[in-house]
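Okay, so here's the structure we're looking at.
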Amino acid sequence: MKLVLTEPRYFTESISIISELVNEVTLKVQKNQIDLIAMDPANVAMTSFTLLSSAFAEYQVEATKDVSINLEQLRQVLKRAKSSDTITLSIDEKKNKLKIKIVGNTTRTFDLALLRLDEKEPKVPDLSFPIKITTGTALFDEAIEDMGIISDALSLTVEKEKFTIDSAS
């Protein structure tokens with residue numbers, strides 16, 4: 001397995017967000033994509049994430065490989081990469097490690113221990129929703145930040161052609 005990212009932000013930002021919810025995950029590295037499905041420790045929130053092989057400059061995967069890792073450790077390593085750096089991910093089978101090579105002005109290599117997770121992969125429920133809302137991420141981010149000033153909880157409401165985000169202290 002050899003995965004090369006020349007625009008690492010797609011992967012690094014996603015890992016950073018997911019690591020807020022779950023600690024240990026199994027990345028299912030397949031011939032055309034990487035899948036991650038995990039439950040938070042309290043079994044309240046499920047994360048389902050897919051990164052297509054097209055996000056990588058080089059994507060060499062001979063067979064499906066489960067890569068179980070500590071997400072916080074991965075996040076810390078990925079945080080060291082600048083947006084202009086190239087990140088290469090590979091597996092060192094002998095050492096049972098995920099090898100992360102960051103190349104920019106310097107070359108840095110990190111080895112993360114692979115874990116043995118005995119958990120079964122959570123089954124993603126087939127959900128259907130009666131509505132679909134499309135909005136820009138900047139507008140949505142700003143609304144969430146506004147609500148965060150007042151409370152750590154909010155409600156999302158839809159009425160005909162109106163979408164409301166509301167929070168109260």
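This structure is a prediction, so every number in the text was calculated from the model and none was measured. Note that these values count all heavy atoms, side chains included, but never hydrogens, waters or copies made by symmetry.
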Practice problem: Evaluate the criterion side chain to side chain contact (heavy atoms under 4.5 Å, CB included) for residue pair Leu27 and Ile69; output intermediate values, then yes/no. | Solution: CA-CA 8 Å; Leu27 299 171; Ile69 54 171; 4.0 Å; yes
Practice problem: Go through Asn70 and Leu112 one step at a time and tell me if the side chain to side chain contact (heavy atoms under 4.5 Å, CB included) criterion holds. | Solution: CA-CA 8 Å; Asn70 179 296; Leu112 291 183; over 6 Å; no
Quiz item: Can you list the steps and then say if Asp35 with Thr50 is a side chain to side chain donor-acceptor pair (under 3.5 Å)?
Solution: CA-CA 5 Å; Asp35 288 319; Thr50 299; 2.7 Å; yes
Quiz item: How far apart are the C-alpha atoms of Val25 and Thr47, what are their side-chain angles, what is the distance that settles it, and do they pass the side chain to side chain contact (heavy atoms under 4.5 Å, CB included) test?
Solution: CA-CA 10 Å; Val25 298; Thr47 300; over 6 Å; no
Quiz item: Does the side chain to side chain contact (heavy atoms under 4.5 Å, CB included) test come out yes or no for Ile144 and Leu154, once each step is laid out?
Solution: CA-CA 8 Å; Ile144 298 299; Leu154 57 86; 3.6 Å; yes
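Atoms CG and CD1, on Leu74 and Ile15 in that order, are 5.0 Å from each other to the nearest 0.5 Å. The CZ atom of Arg9 sits 14.5 Å away from the CG atom of Asp85 when rounded to the nearest 0.5 Å. Rounding to the nearest 0.5 Å gives a distance of 11.5 Å between NZ of Lys2 and CG of Leu89. To the nearest 0.5 Å, atom CE of residue Met1 and atom OH of residue Tyr59 are 8.5 Å apart. Between atom CG of residue Leu139 and atom CD1 of residue Ile165 there is a gap of 7.5 Å, rounded to the nearest 0.5 Å. Taking CD of Gln30 as the reference point, atom OG of Ser53 lies at 10.5 Å (rounded to 0.5 Å).
At least one side-chain heavy atom of Thr12 sits less than 4.5 Å from a side-chain heavy atom of Ile87. Using a 4.5 Å cut-off on side-chain heavy atoms (C-beta onward), Leu36 and Ile18 make contact. For the pair Lys28/Thr64, a side-chain contact is recorded, criterion being any heavy-atom separation below 4.5 Å from C-beta on. When side chains are defined from C-beta on, Thr164 does not count as touching Glu159, because their heavy atoms never get closer than 4.5 Å. Residues Ile91 and Leu114 have side chains in contact (heavy-atom distance under 4.5 Å, counting atoms from C-beta outward).
Leu3 approaches Gln60 most closely through the heavy-atom pair CD2-N, 4.3 Å. Scanning both residues, Leu5 and Ala55, for their nearest heavy atoms gives CD2-O, 3.7 Å. Minimum heavy-atom separation, Asn23 to Pro41: ND2-CG, 4.0 Å. The two residues Arg75 and Glu72 make their nearest non-hydrogen contact at NH2-OE2, 2.7 Å. What you find for Ala168 and Ser151 is that their closest heavy atoms are O-CB, 3.2 Å.
In this structure, Val67 is not a member of the same hydrophobic cluster as Ile37, with clusters built from ILVMFWY side-chain heavy atoms closer than 4.5 Å. In terms of hydrophobic clustering, with Ile, Leu, Val, Met, Phe, Trp and Tyr side chains grouped at heavy-atom distances under 4.5 Å, Leu156 and Ile133 are assigned to a common cluster. Cluster membership for Met46 and Val44, using ILVMFWY side-chain heavy atoms within less than 4.5 angstrom, is not shared. In terms of hydrophobic clustering, with Ile, Leu, Val, Met, Phe, Trp and Tyr side chains grouped at heavy-atom distances under 4.5 Å, Val4 and Val29 are assigned to different clusters. Under the 4.5 Å side-chain heavy-atom criterion for grouping Ile, Leu, Val, Met, Phe, Trp and Tyr, Leu115 is not connected to Ile34 through any hydrophobic cluster.
Look at Lys65 and Glu93 and you find a salt bridge, because one of the NZ, NE, NH1 or NH2 atoms lies within 4.0 Å of a carboxylate O, short of that distance.
With a 6.0 Å radius and a threshold of 12 heavy atoms from other residues, nucleotides or ligands, Gln33 has its CD atom above the threshold. Atom CG of Asp152 is surrounded by 12 or fewer heavy atoms from other residues, nucleotides or ligands within 6.0 Å. Counting non-hydrogen atoms of other residues, nucleotides and ligands closer than 6.0 Å to CG of Asn32 gives a total above 12.
Using a distance-only test at 3.5 Å, with no hydrogens or angles considered, a donor-acceptor pair links the side chain of Ser167 to the main chain of Ala153. A donor-acceptor contact shorter than 3.5 Å is absent between the side chain of Asp66 and the backbone of Thr26. Side-chain atoms of Arg80 never come within 3.5 Å of backbone atoms of Arg108 as a donor-acceptor pair (strictly under, hydrogens ignored). Remark: the backbone N or O of Tyr10 is paired with a side-chain donor or acceptor of Ser14 at under 3.5 angstrom.
Between Phe163 and Phe140, the ring planes are parallel. Angles under 30° get that label, and only those over 60° would be called perpendicular.
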